[in-house]
Amino acid sequence: LLDIRLVVARALVYALLAYSWLHDEFHLKKPLLTNMPMSPKWVILNKLNWKLFMWFYNARRLHDTHHNNMKKNYGIGSYWLDKLLGTHQK
């Protein structure tokens, strides 16, 4: 049996790595998440990928807002906490 502490520690490490990678992607000129073909056929066949692309596009725009006003939009992957605390800005 796995020790629950090991499972929690691994989950935290993976979450931190994912957070760091996503933040780095926001600052690249050609991020990996936007290098997808945009043909209508591709969009129809891969609606999940299209949703991921649109999420990233919108999240990156909100993150850019954070760099213009460091008191707004602290979230990297999700802005629900910013909305709850009143620090969200479009």
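Among residues two or more places apart in sequence or in another chain, the side-chain hydrogen bond (donor to acceptor under 3.5 Å, both in side chains) test is passed with Ser20 by none. By the side chain to side chain contact (heavy atoms under 4.5 Å, CB included) test, Arg10 pairs with Leu6, Tyr14, sequence neighbours left out. When the side chain to side chain contact (heavy atoms under 4.5 Å, CB included) test is applied to Val13, the partners found at least two apart in sequence or on another chain are Leu17.
The aromatic rings of Trp55 and Phe26 lie tilted to each other, with the angle between the two planes from 30° to 60°.
Residue His27 holds its NE2 atom at 9.0 Å from CZ of Arg60, rounded to the nearest 0.5 Å.
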